[in-house]
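Letters go in sequence order (proteins before strands), and every chain restarts at 1. Because the structure is predicted, anything quoted here is derived from the model rather than measured.
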Amino acid sequence: MKIAVASGKGGTGKTTVSVNLARVFAGEVLLGDCDVEEPNDHLFLKTSGHTEKIIGIPVPEVNEDLCNSCGECAKICQFSAIVTFGTTPLVFPEMCHGCGGCTLVCPTKAISEKNRPIGVIEISKAGNIKLITGKLFVGVALAPPLIRAVKNTLPIDVSAILDAPPGTSCPVIAAIRDSDFVLLVTEPTPFGLHDLSLAVDMVRELNLPFGVLVNRMGSGDNRVHEFCRKENIPILMEIPDDRQIAENYSRGILMVDALPYYREHFENLLEKITDLKKKG
Amino acid sequence: MKIALTTSGDDLNATLDSRFGRAPKFLIYDLDAKTFEVIDNEQNLNAAQGAGIQSAQNIARSGVQAIITGHCGPKAFRALQAAGIKIYNADAATVTEALDQYRTGKLMEAQSADVDGHWV
């Protein structure tokens, strides 16, 4: 089963929940850090045995001797990565999403593909957790291809937790798509609710089963609970606004290791998700 | 010869917009006929990326040979150069003032982008 942890709002506790959930898994579990612009799952794990792989996307390179300036490449490109002004094409590699369309439509085979590195995937191990981290290179604005690369390294039929980036745009979709369950982490504040409602719209659009985890209970009000009741969304776990959690977090210590009391709660969460998934 | 000017208004007294890629409109002035038309650039105003490139394509379609604007970034500069459109940076307040500066030879043709790109 693949469980994606998403949120809408940033800073609600996706990483905390992902890493602790991975820790309470009975057997081996893969943890995919899909927050490739700022991956931080590794901060909470004592990992070893690092391997690295550079990930790139194919960008066009034009052979001007073969080009007849027909402009077909520019017509198919939705991102202005290749443009023509009745001339041989002008390529803007940083705009290219690597779809390969221009190469396919070129009638004179003047376009070939060149690899443009966008980031790196690091694989390491910490106890029962195999951590797969995507790290986007600084200055690169294309997270989804790297997130897909992180997911492609996950073997089928192995349990996995995917720590998604915040928000509700392309990188999040890339991270949560094809998962078996989405856990939306929020906080009981107006900001938490606002972004939760966007995230709920997103997972409904994607037709994925989902539930909510309310973090920092007691720090706000009950509007998130009211929303979930009205929308018939199950609240699967509540984590109190506990200073001890924050103190351990700031030292990079997992909640379930430092405060064993919470271990049971994460185990229950896993059970609830498994049950909900079974019910469909 | 036709020349484009970045603006947010609809006539010659309108403000010269200092942005090229994200200018709301282009006023296309025909220097021979002394007439003008205004073309819309709203879609690029809200573009996440590539506004400069798309704006260059937009004015290239209107057949201009030069553009007067406040600033021009690196991608827009490359695209305009490929399209054979000359770039003039002006700090004029209005379209009319910018056209006067051009006619009296006060504007120099830009040899490079004068601002950085927004994301890359």
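- With a 4.5 angstrom heavy-atom cutoff, Ala82(B) touches chain A via backbone and side-chain atoms both.
- Side-chain atoms of Thr35(B) and Asp30(B) include no donor-acceptor pair closer than 3.5 Å.
- Side-chain contact of Thr15(A) with Asp163(A): a donor-acceptor pair under 3.5 Å is present, judged by distance alone.
- Sorted by first and then second residue, the salt bridge (charged side-chain N to carboxylate O under 4.0 Å, His left out) pairs involving residues 73-86 of chain A (not counting sequence neighbours) are Glu72(A)-Lys75(A).
- Counting only residues at least two apart or in different chains, ring pair (Phe, Tyr, Trp, His ring centres under 6.0 Å) contacts with residues 168-193 of chain A are absent.
- Ser7(A) and Lys14(A) share a side-chain donor-acceptor pair at under 3.5 Å.
- With no hydrogens or angles considered, a side-chain donor-acceptor pair links Thr103(A) and Glu113(A) at under 3.5 Å.
- Of all residues in residues 80-91 of chain A, those placing a non-hydrogen atom less than 4.5 angstrom from a non-hydrogen atom of chain B are Ser80(A), Val83(A), Phe85(A), Thr87(A), Leu90(A), Val91(A).
- Looking at Arg78(B), both its backbone and its side chain come within 4.5 Å of chain A, counting heavy atoms on both sides.
- Contacts classified as ring pair (Phe, Tyr, Trp, His ring centres under 6.0 Å) and involving residues 22-52 of chain B (residues at least two apart or in different chains) are given here: Phe20(B)-Phe26(B).
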